[in-house]
Amino acid sequence: MELTDTARDPYRTRSWDPGFDGCPLNTSATDYPKMVSLSIPKTSDVYDRCMMYAVNYSQLLSDGVTVADTTWPKTPCRHGWEFNFTDVPYSTIATELGWVCDQAALASVAQAVFFCGAILGGLVFGWIADRYGRIPALVGTNTVGLVAGVATAFCNTFWAFCLCRFLVGLAFDNCFTMMYILGE
């Protein structure tokens, strides 16, 4: 698994738009738990990752409501997500591009594209090795892997990321295979 590229950090809906002027609560340590419990549906002591209550929070707070009513209408997240960076302490492409909720499968699709590249790479670079020699094939796999690996860091769309991962996959196994064959 390519943890550094497609890891999905635990996340949940952002309970409030940070720039919402009408929000009577702030994100201080005392107000934050109130904000979360009032705005995010909870099931079996776990807050929903992708839904929030569709209510007027300012009105609820001015009316003194402190506990969410499970019959309130729900809506998909409107203000993005909050990610927990304790297990994976850095941002990933999944967090940067918001591959969560209805787009959570994109990380798995990108990983599948990587392995499709690895399958095709075995055929392509195997043919190159047979036709032109092992050294040119090894240089080719390492060059493709280097360029695509560096380009992966600059991807800002799903399809660009998939293309780079496909090319990295194309070269990935073959870098090692050529070394083993040359060693014999």
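FYI, side chains are in, hydrogens and waters are out, and symmetry mates aren't considered; it's all heavy atoms of this structure.
At distances below 3.5 Å, at least one donor-acceptor pair connects side-chain atoms of T152 with backbone N or O atoms of A148. Between the side chain of R165 and the main chain of F114, no donor-acceptor pair closer than 3.5 Å is present. Side-chain atoms of D48 come within 3.5 Å of backbone atoms of M51 as a donor-acceptor pair (strictly under, hydrogens ignored). A side-chain donor-acceptor contact under 3.5 Å links N174 to the backbone of L170.
The line from CG of L167 to CZ of F172 is 14.5 Å long, rounded to the nearest 0.5 Å. D173 contributes atom CG, which lies 8.0 Å from atom CZ of F115 (distance to the nearest 0.5 angstrom). Summarising the geometry, atom SG belonging to C162 is positioned 7.5 Å from atom CG belonging to L106; distances are rounded to the nearest 0.5 Å. Rounded to the nearest 0.5 Å, atoms CG (N142) and CG (L138) are 5.0 Å apart. Considering CD of Q103 and CG of L97, their distance stands at 9.0 Å, rounded to 0.5 Å.
A centroid separation of less than 6.0 Å is found between the aromatic rings of F161 and W99.
At least one side-chain heavy atom of Y53 sits under 4.5 Å from a side-chain heavy atom of T70. Two residues are said to be in side-chain contact when any heavy atoms from C-beta on lie closer than 4.5 Å; Y47 and P41 fail this criterion.
SG atoms of C50 and C101 are separated by less than 2.5 angstrom, consistent with a disulfide link.
Residue S91 comes nearest to E96 through the heavy atom pair OG-CG, 3.0 Å, listed as atom of the first residue, atom of the second, then distance. Summarising the geometry of C155 relative to I93, their closest heavy-atom pair is O-CD1, 4.1 Å, with the distance given to 0.1 Å. Between G145 and A171 the shortest heavy-atom distance is N-CB, 3.6 Å. Heavy-atom minimum distance, W72 versus V67: CH2-O, 4.0 Å.
If you chain together hydrophobic residues whose side chains sit under 4.5 Å apart, F125 and I119 never meet in one group. Side-chain heavy atoms closer than 4.5 Å link hydrophobic residues (I, L, V, M, F, W, Y) into clusters, and following such links, even through other members, never connects V144 to V150. Taken together through direct or relayed side-chain contacts under 4.5 Å among Ile, Leu, Val, Met, Phe, Trp and Tyr, V65 and V55 form part of one hydrophobic cluster. Note on W127 and F166: same hydrophobic cluster, where clusters join Ile, Leu, Val, Met, Phe, Trp and Tyr whose side-chain heavy atoms are under 4.5 Å apart, directly or indirectly. Cluster annotation: F154 and V168 are assigned to distinct hydrophobic clusters (Ile/Leu/Val/Met/Phe/Trp/Tyr, side-chain heavy-atom contacts under 4.5 Å, transitive).
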